Protein chains: 2
Amino acid sequence: MTGQVRTVDGRVAGRRGQATRQKLLDCLSEMLSSSPYRDVKVIDVARKAGTSPATFYQYFPDVEGAVLEIAEQMAAEGAGLTDVLAKRSWVGKSGWQAAQELVDGFLDFWRKNDAILRVVDLGAAEGDKRFYKIRMKILNSVTNSLTDTVKELQSKGKVDKDVSAAAMAGSLVAMLAAVASHQKGFQSWGVKQAELKPNLALLVHLGITGKKPTK
Amino acid sequence: MTGQVRTVDGRVAGRRGQATRQKLLDCLSEMLSSSPYRDVKVIDVARKAGTSPATFYQYFPDVEGAVLEIAEQMAAEGAGLTDVLAKRSWVGKSGWQAAQELVDGFLDFWRKNDAILRVVDLGAAEGDKRFYKIRMKILNSVTNSLTDTVKELQSKGKVDKDVSAAAMAGSLVAMLAAVASHQKGFQSWGVKQAELKPNLALLVHLGITGKKPTK
DNA sequence: TACTTGTCCTGTCATGCCGTCAGCTTACCG
DNA sequence: CGGTAAGCTGACGGCATGACAGGACAAGTA
């Protein structure tokens with residue numbers, strides 16, 4: 001899939017090299033969780049990995065490059081977010097359940113990868129196409145799936161034709177991503193997870209079907 | 001209100017000093033729009049302002065500190081976001097209009113201040129309480145207003161009691177903020193502003209009232 | 001064992017930014 | 001005109017960056 005792992009100067013990395021490379025990625029990942037993105041320095045990552053800055057630059061052009069690598073790995077994992085939605089009916093109780101599971105899956109995934117996702121989000125918002133692409137990769141499976149659902153419901157006459165399926169799906173996904181990345185904020189503001197989830201599910205259901213769920 | 005503007009070492013800033021300070025803030029602001037947050041250096045800001053790095057450190061402890069200052073200024077401005085909502089009825093056509101105007105105001109405000117808001121969002125997501133507070137300051141007026149609306153509708157029996165007003169309002173506001181900060185993303189993905197806005201308004205209306213709008 | 005080859009890592013260096021300080025200049029006031 | 005405080009900067013030690021050459025190491029060959 002990735003073909004071959006290569007160093008910056010073009011050599012192919014062997015067993016040992018790949019291990020070092022991965023260790024650097026892991027340490028960077030950890031670092032991103034514990035300190036602000038702006039303050040993450042190559043030298044700290046290298047020290048944490050028990051190696052030297054020069055080694056880091058052998059495998060990655062800069063911190064951004066390494067972050068992109070981590071994000072790619074995560075994106076592959078995140079493709080599974082959409083499994084929940086496959087072949088789901090959005091009519092009746094089944095729809096309410098689909099909405100709930102989508103919300104659950106999303107929040108979990110985000111909580112697990114919040115540090116990287118933060119950086120990816122920033123990069124995308126700043127207009128960096130590489131980050132933007134990865135963000136798409138993660139969100140697209142869900143967005144596309146939801147878009148299809150809306151279109152299908154529209155063709156059956158169950159949803160107004162003047163709804164833009166893509167815009168609706170995109171907005172809902174953006175909402176999920178935003179709420180997920182500010183989960184802590186909600187909590188310290190007095191909103192509990194237990195309240196948050198059903199409300200998000202309700203909004204998703206309302207947005208997709210245009211109707212209140214039958215619970 | 002702010003009392004007196006002071007330098008880092010305690011002196012009070014006079015006319016000239018305040019002008020320099022403001023110029024630094026303006027240049028920083030511009031810089032944030034044109035290059036990634038991670039790459040904004042004090043020396044560049046100072047150069048752009050026609051002064052020296054030492055001067056920067058006279059007025060701000062670091063880049064973050066200056067960003068907070070800009071964000072404060074913006075937050076004051078952003079308090080006006082809620083004007084649109086004051087004394088609005090969410091019943092009938094008026095509700096649909098309120099939703100539309102809210103979305104309009106939000107997207108405009110975000111587009112105007114996207115660079116700072118990006119950084120504030122990042123800081124908040126990273127758990128920095130100072131950034132989190134400012135984010136609240138900007139969003140709270142809207143969130144609270146929406147929360148009140150939902151509660152009012154609940155007391156009149158027009159909205160289900162099991163909806164958490166705060167969670168719903170918070171989710172909607174988070175959605176608006178997220179979509180706003182990825183406006184460019186939506187566009188390059190094939191979703192036009194003209195489609196986006198009504199869909200967001202629809203979602204807001206659905207979330208607040210639980211019903212489709214009468215247009 | 002000695003030699004070769006290619007991978008892997010680091011010491012070192014020039015460069016550039018950070019953050020601080022002493023000290024110079026400028027403005028204001030009696 | 002002299003005093004005082006504001007305003008600014010040159011210069012410096014410290015540290016991160018990013019490049020390079022060369023040493024360490026493993027594996028294969030004879």
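As the structure is a prediction and not an experimental result, all values here were calculated from the model. Chain letters run A, B, ... following the sequence lines, proteins first, then strands; residues in each count from 1.
Taking the charged nitrogens against the carboxylate oxygens, A:Glu64 and B:Arg38 have no contact shorter than 4.0 Å, which rules out a salt bridge. Between B:Asp114 and B:Arg111 there is no salt bridge, since no side-chain nitrogen of the basic residue lies less than 4.0 Å from a carboxylate oxygen of the acidic one. Between A:Asp44 and A:Arg47, at least one side-chain N (NZ, or NE/NH1/NH2) sits under 4.0 Å from a carboxylate O, which counts as a salt bridge.
Heavy-atom distances under 4.0 Å link DNA chain C to A:Thr20 of residues 18-25 of chain A, given in residue order. DNA chain D is contacted by B:Arg11, B:Val12, B:Ala13, B:Gly14, B:Arg16 of residues 6-16 of chain B, taking any non-hydrogen atom closer than 4.0 Å. A heavy-atom distance below 4.0 Å to DNA chain D is reached by these residues of residues 34-62 of chain A, ordered by number: A:Lys41, A:Val42, A:Ile43, A:Ala54, A:Tyr57.
Contact annotation: the side chain of A:Asn199 approaches that of B:Val163 to within less than 4.5 Å [non-hydrogen atoms, C-beta and beyond]. Counting heavy atoms from C-beta on, the side chains of B:Trp110 and B:Leu176 never come closer than 4.5 Å.
Taking B:Ile116 as the reference, B:Ser29, B:Leu32, B:Ile70, B:Ala71, B:Met74, B:Val120 meet the side chain to side chain contact (heavy atoms under 4.5 Å, CB included) condition, with sequence neighbours excluded.
For B:Lys23, the NZ atom sits in a loose shell: 12 or fewer heavy atoms of surrounding residues, nucleotides or ligands are nearer than 6.0 Å. More than 12 heavy atoms of other residues, nucleotides or ligands lie within 6.0 Å of NZ in B:Lys197, so this atom counts as buried by the packing criterion.
In summary, contact between chain B and DNA chain C, defined as any nucleotide atom under 4.0 Å from a heavy atom of the protein, begins and ends at C:dC17 to C:dC28 in the 5' to 3' direction.
Using modelled atom types, no side-chain atom of A:Thr55 and backbone atom of A:Thr51 make a donor-acceptor pair closer than 3.5 Å.
Screening residues 142-152 of chain B for salt bridge (charged side-chain N to carboxylate O under 4.0 Å, His left out), with sequence neighbours left out, gives B:Glu152-B:Lys156.
Once rounded to the nearest 0.5 Å, the distance linking CG of B:Leu28 with CZ of B:Phe56 reads 6.0 Å.
Side-chain contact of B:Asp26 with B:Gln22: a donor-acceptor pair under 3.5 Å is present, judged by distance alone.
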